[in-house]
Amino acid sequence: MRDAINRLSILSTDGLSTEPEWRRAYVMLAYMTHAYIWAGDNPEEVLPPQITIPFQAVSAHVELPPVLTYTAASLWNFSCSGEDFSEPEDLSTLFTFTETESKSWFLLISVAMEAKASGIIQTIVGATEAIKTRNYNVISDTLQDIKSYIKSAGMLLERMYEKCDPMIFYHRVRPFLAGSKNMGAAGLPRGVFYDEGEGKGQWRQLQGGSNGQSCLIQLLDVVLGIEHNSNCAADQKSFHYEARDYMPGPHRRFLLHVAEACNIRKLAMLPEGEVASAEHQRLRSSYLAAADQLCEFRSIHIQIVTRYIMLPSKKPLKGESRRKLASPVSYRMENAANDAMIRTGGTRLISFLKETRVETFNAKKLDERVSQ
Ligand code: HEM
């Protein structure tokens, strides 16, 4: 792979005109980048101009960093044989590193979850108007739609087990998703040098691809007024906040817009001393049900992470005595407990995910005014 890329001439982006063309270029270059870095016994820390020059230009155009983001891996990397993008059986991936069914299924489950959300995104946009006019019934209906959506997303997430093998995922698929930030132990102490030729270039440290970069799940948090900031130092960006830098610009801006216009939690909280009307009471119970469902979704996700990362990390793939690829999660933190694998972003994995679920649970304490 490295030899083949080194032999390429430096492609110009002048021929790209439509947005789908720019997106396609972004996906191809992102896959080439991660293959170049990770397909070998040791990671490669210098990315050649054949990739960096077009990739940086394309990334600037699509408002994403030059790395394999969730958008590159999943959102812009599928085709569908039918009309319904939320049916994973009808979807196929355009690029994978391994051509394994496990890899495709892992990516396509995410695509199906995003596609299934198209209806609730419209509903949420509609709810911003209802918030202005305090139309509690419309907002309650929105919350019920959100709850139903989260339930169906959880069911799709559980379908991961159907065709994605945990051992193949952990040992063959996941290593290629790794970024260049906090990757010292994996062999990239300075990150990756984006060589632009003629003595120019820069070291970059970027997160790898993570479904945590999905705008959709953050949208649900934002609408329900759930904040995730307990897992980082005061001078650091939280994982969720940093993940926004890895979303397409319009997605990022949409989250900011919705946060301003549509925080339903604030509305569900009663002003002190006030008694809830029947309509407001319905809104509060709809809010609690939706937040509960999101807790449940996060529990399903924690089980997935246990089965797909924690358990396979303890044993090598059959017939292999050692890992061939550098993997971000193959390194335990010093003195770490069993569940303290580092996550893509470099902090402890299961405790981070549980904390995220606690923050979701705490949002249900409507009368305690926590995490407003
Ligand atoms: C085999 C399947 C999956 C595995 C092994 C997995 C693993 C992980 C890991 C390790 C993290 C911690 C952050 C990081 O290191 O990047 C994470 C976070 C996250 N993942 Fe997944 N994931 C899977 C599927 C999904 C899917 C399909 C979604 C839905 C789009 C999803 C949504 C999230 C979200 C939203 C976070 C941020 C934490 C939160 O808000 O709860 N994951 N995942």
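As the structure lists them, so they are numbered: ligands from 1, and atoms in each ligand from 1. Below, each value reflects all heavy atoms present in this structure, side chains not excepted, and no hydrogens, waters or symmetry copies. Numbers here are sequence positions counted from 1. Predicted model only: the values in this text are computed from it and were never measured.
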ask   = Just checking, is any N or O donor in the side chain of S299 or R357 under 3.5 Å from an acceptor N or O on the other one?
value = yes
task = Give the intermediate values and the outcome of salt bridge (charged side-chain N to carboxylate O under 4.0 Å, His left out) for residues R172 and D165.
result = CA-CA 10 Å; R172 289 270 186 267; D165 178 286; over 6 Å; no
Proximal ligand 1 atoms for S110, defined as those under 4.0 Å from one of its heavy atoms = 27 (C)
inquiry  = One residue to check: I309. Relative to ligand 1, which of side chain, backbone, both or neither has a non-hydrogen atom less than 4.0 Å away?
reply    = side chain
message = Counting only heavy atoms closer than 4.0 Å, does ligand 1 sit against the backbone of R357, its side chain, both, or neither?
response = neither
message = If you compare all heavy atoms of L188 against all heavy atoms of E44, which two are closest, and at what distance to 0.1 Å?
response = CD2-O, 4.1 Å
inquiry  = Any atom of ligand 1 sitting under 4.0 Å from a heavy atom of F239?
reply    = yes
ask   = Under 4.0 Å from ligand 1, counting heavy atoms only, is it the side chain of L216, its backbone, both or neither?
value = neither
ask   = Polar-atom distance check: Y308 versus ligand 1, any N or O pair below 3.5 Å?
value = no
note = Within 4.0 Å of some non-hydrogen atom of I304, the atoms of ligand 1 are 1 (C), 2 (C), 3 (C)
Ligand 1 contact on H240 by region, counting heavy-atom pairs under 4.0 Å = side chain
ask   = Side chain or backbone of M160 under 4.0 Å from ligand 1, or both, or neither, by non-hydrogen atoms?
value = side chain
key: Taking every non-hydrogen atom, the tightest pair across L11 and P54   = O-CB, 3.8 Å
request  = Please say which of W105, F85, F95 ends up in a ring-ring contact (aromatic ring centres under 6.0 Å, His included) with F78.
outcome  = F85
query = Can a donor-acceptor pair be found between the side chains of T96 and S104 at a distance below 3.5 Å?
reply = no
Geometric N/O contact Y70 with ligand 1, under 3.5 angstrom = no
Residue portion contacting ligand 1 (non-hydrogen atoms closer than 4.0 Å) for M113 = side chain
query = Just distances here: any N/O of T356 and N/O of ligand 1 closer than 3.5 Å?
reply = no
query = Counting both backbone and side chain atoms, is some N or O of H301 under 3.5 Å from an N or O of ligand 1?
reply = yes
key: ligand 1 contact by Q207, heavy-atom criterion under 4.0 angstrom   = no
